Asker: 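Next up is a structure, given as structure tokens.
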Number of protein chains: 2
Amino acid sequence: MNTMSSITTKTPPTAEPAYLKIKNHVLSQIQNGVWQEGDLIPTEMALCEQFQVSRMTVNRALRELTGDQLLVRIKGSGTYVAQPKFQSTLIEIRSIAQDIRERGHRHTSRVLQLDTKAASKVQLQRFGLAAGTQLFHSLIIHHDNGIPIQLEDRVVDASIAPDYLKQDWELMTPNEYLMRVAPLPTGDYTIEVRFPLRKSPELWISKQASPVC
Amino acid sequence: MNTMSSITTKTPPTAEPAYLKIKNHVLSQIQNGVWQEGDLIPTEMALCEQFQVSRMTVNRALRELTGDQLLVRIKGSGTYVAQPKFQSTLIEIRSIAQDIRERGHRHTSRVLQLDTKAASKVQLQRFGLAAGTQLFHSLIIHHDNGIPIQLEDRVVDASIAPDYLKQDWELMTPNEYLMRVAPLPTGDYTIEVRFPLRKSPELWISKQASPVC
DNA sequence: AAGTGGTCTAGACCACAGT
DNA sequence: CTGTGGTCTAGACCACTTA
């Protein structure tokens with residue numbers, strides 16, 4: 001018997017789910033500066049009472065905003081407005097291997113070339129390197145489920161990553177290695193991407209030069 | 001009284017939450033090819049029985065995987081393995097304005113310079129343009145809550161975006177405009193980013209040349 | 001009509017932080 | 001110790017798809 005119970009006044013025809021209402025409320029509090037970066041925001045219980053919903057609903061809203069990097073939640077302490085991360089404002093430098101794994105695919109790679117050269121005049125000028133700087137050069141092909149998907153042509157300042165040539169690039173990608181060795185890109189970073197050719201979008205060519213100063 | 005109840009055999013010392021176990025199970029089914037792209041995967045109820053958990057737990061696992069683009073869920077129909085999107089494998093070209101708004105901040109911008117020039121020899125060669133190609137050049141500063149955060153120095157092939165100079169760049173960013181005019185980057189795309197200077201990470205300089213062929 | 005996912009509830013136990 | 005977030009349950013109603 002689904003006859004209307006006498007008490008519940010549920011779902012007025014607004015149609016917007018409660019967890020979205022809460023997300024938007026939190027968002028606007030932050031946008032309007034009511035809650036500043038680093039501030040402690042109301043607890044789940046407080047929001048439950050304010051919105052007259054159960055705790056799981058508030059929890060979902062706050063958890064999703066945490067995933068969006070807008071909030072930081074600390075067990076036993078509270079929920080805070082996150083500091084913005086400026087690192088990834090314009091472009092996000094990603095790991096191709098991580099991307100493939102996140103898609104649920106198998107990532108493999110093959111090293112085609114690996115050598116050392118002195119920086120050319122163009123490179124010296126372009127990245128502001130000292131004359132005589134040695135550069136490592138690697139050419140690696142990445143596969144997604146066995147399909148070649150990206151050809152990575154990378155140049156790295158030898159003084160930044162002296163053990164570059166000794167790595168096993170079929171285990172860890174240069175991106176992942178350099179993130180460990182020099183996690184904060186403090187110098188110039190240039191990425192050139194050749195987008196998929198019309199009609200054959202399977203193979204990308206990526207040139208990456210990372211002579212972190 | 002928290003004496004152990006006689007029935008519940010909860011939380012064996014594995015410590016891994018149930019929703020993560022389910023996520024990992026789904027992931028490995030996909031990675032091992034048991035569930036292929038486009039396949040219908042078991043229903044929430046089926047997974048409830050398989051893992052002996054409540055539906056909300058299964059729902060959370062599948063909902064998060066949907067957010068990660070690994071699954072597609074259709075109300076009334078079922079849950080399917082998603083098709084991978086290759087568009088954003090290496091780098092993700094983002095809208096600075098969108099980024100700022102997603103952080104809950106206010107985005108404004110000011111046009112410093114806007115003009116037309118013939119492509120230089122270096123540009124002709126670098127992007128493989130026909131001699132005499134006209135290029136638009138814009139210099140725009142982006143603010144995050146009033147703080148200058150990025151100086152965008154962009155060069156665009158005039159034949160791709162003939163109305164480039166007529167746009168109101170304080171309403172829409174060049175990125176957003178070009179995504180509408182030429183949504184599929186079929187040619188070369190070069191991005192140069194000067195990362196934040198040590199100690200003053202507030203201002204980025206970004207040069208973007210987008211002469212889509 | 002039966003099945004599916006989308007949402008929600010009113011509880012609960014736990015680990016942890018800040019007294 | 002109290003309060004917080006992290007997780008989980010066993011139900012429930014709804015909108016939608018599929019047959």
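Each chain gets a letter, A, B and so on, in the order the sequences are listed, and its residues count up from 1. Every value quoted in this text rests on a predicted model; they were computed, and no experiment measured them.
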Asker: Could you state the atom-to-atom distance from CD of B/Glu16 to P of C/dA15 in whole Å?
Answerer: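 Value for this atom pair: 16 Å.
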
Asker: I'd like to know if the side chain of A/Lys23 reaches the main chain of A/Leu62, judged simply by a donor and an acceptor atom lying under 3.5 Å from each other, with no hydrogens or angles considered.
Answerer: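 Not at all, since once roles are kept as given, no pair shorter than 3.5 Å links the two residues.
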
Asker: Go through the steps to decide whether A/Val81 and A/Leu70 satisfy the test side-chain contact (heavy atoms from CB on, under 4.5 Å), and finish with yes or no.
Answerer: CA-CA 6 Å; A/Val81 179; A/Leu70 262 155; 5.8 Å; no

Asker: Base, sugar-phosphate or nothing for A/Arg55? Non-hydrogen atoms, less than 4.0 Å.
Answerer: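 A/Arg55: base contact, heavy atoms under 4.0 Å.
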
Asker: Nearest-Å distance, CE (A/Met56) to C1' (C/dA10)?
Answerer: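 Whole-Å distance recorded here is 12 Å.
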
Asker: Residues from residues 40-49 of chain A sitting under 4.0 Å of DNA chain C, heavy atoms only?
Answerer: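 Those residues whose heavy atoms fall under 4.0 Å from DNA chain C, taken from residues 40-49 of chain A, amount to none.
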
Asker: Tell me whether B/Glu49 contacts the main-chain N or O of B/Ala46 through its side chain, where contact means a donor paired with an acceptor under 3.5 Å.
Answerer: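 Pair absent, no side-chain N/O of B/Glu49 close to backbone of B/Ala46.
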
Asker: What side chain to side chain donor-acceptor pair (under 3.5 Å) pairs are there with at least one residue in residues 38-47 of chain B, not counting sequence neighbours?
Answerer: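 Listed once each, the pairs are B/Glu44-B/Arg55, B/Glu44-B/Asn59, B/Glu44-B/Arg73.
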
Asker: Tell me the closest heavy-atom pair linking A/Thr57 and A/Ala18, and the distance in Å.
Answerer: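 Smallest heavy-atom distance, with atoms named: CG2-CB, 3.9 Å.
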
Asker: Quick check: does any side chain N or O of A/Gln36 sit under 3.5 Å from a backbone N or O of A/Gly33, one acting as donor and the other as acceptor?
Answerer: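 Confirmed, A/Gln36 side chain pairs with A/Gly33 backbone.
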
Asker: Should A/Tyr19 be listed as having a side-chain N or O under 4.0 Å from OP1 or OP2 of C/dC8?
Answerer: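 No, outside the criterion.
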
Asker: Expressed as a whole number of angstroms, how long is the span from A/Leu62:CG to D/dG5:P?
Answerer: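 A/Leu62 atom CG is separated from D/dG5 atom P by 8 Å.
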
Asker: Can you tell which of C/dT9, C/dG6, D/dG6 lies closest to the side chain of B/Asn59?
Answerer: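 In terms of side-chain proximity for B/Asn59, the closest of C/dT9, C/dG6, D/dG6 is C/dG6.
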
Asker: Can you measure A/Arg63 atom CZ to C/dT7 atom C1' for me and round it to whole angstrom units?
Answerer: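 Distance check: A/Arg63 CZ to C/dT7 C1' gives 13 Å.
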
Asker: Protein-nucleotides 17-19 of chain C N/O pairs closer than 3.5 Å?
Answerer:
from: C/dA17; atom 1: O4'; to: A/Gly76; atom 2: O; distance (Å): 3.4

Asker: Provide the closest heavy-atom pair for A/Gly38 versus A/Tyr80 in the form atom of the first, atom of the second, distance.
Answerer: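 Answer, listing the atom of A/Gly38 first, then A/Tyr80: O-CD2, 3.6 Å.
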
Asker: More 5' along DNA chain D: B/Thr57 or A/Thr79, using each one's nearest nucleotide?
Answerer: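 That would be A/Thr79.
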
Asker: Might you point out which heavy atoms bring A/Ala82 and A/Gln69 nearest each other, and give the distance in Å?
Answerer: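 Taking every non-hydrogen atom into account, CB-O, 3.3 Å.
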
Asker: For side-chain contact (heavy atoms from CB on, under 4.5 Å), just list the numbers for B/Ile22 and B/Val53, CA-CA rounded to whole Å, side-chain angles, deciding distance to a tenth of an Å, and then say yes or no.
Answerer: CA-CA 10 Å; B/Ile22 299 170; B/Val53 296; 4.0 Å; yes

Asker: Just the rounded figure in Å: distance from C1' of D/dC8 to CZ of A/Arg60.
Answerer: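 About 16 Å, once rounded to whole Å.
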
Asker: Tell me the interatomic distance from A/Leu71, atom CG, to D/dG5, atom C1', rounded to whole angstroms.
Answerer: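 Rounded to the whole Å, the gap is 13 Å.
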
Asker: Nearest-Å distance, CD (A/Glu64) to P (D/dT7)?
Answerer: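 In whole Å, D/dT7 P and A/Glu64 CD are 13 Å from each other.
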
Asker: To the nearest Å, give me how far apart CG (B/Leu20) and C1' (D/dT7) are.
Answerer: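 In whole Å, D/dT7 C1' lies 11 Å from B/Leu20 CG.
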
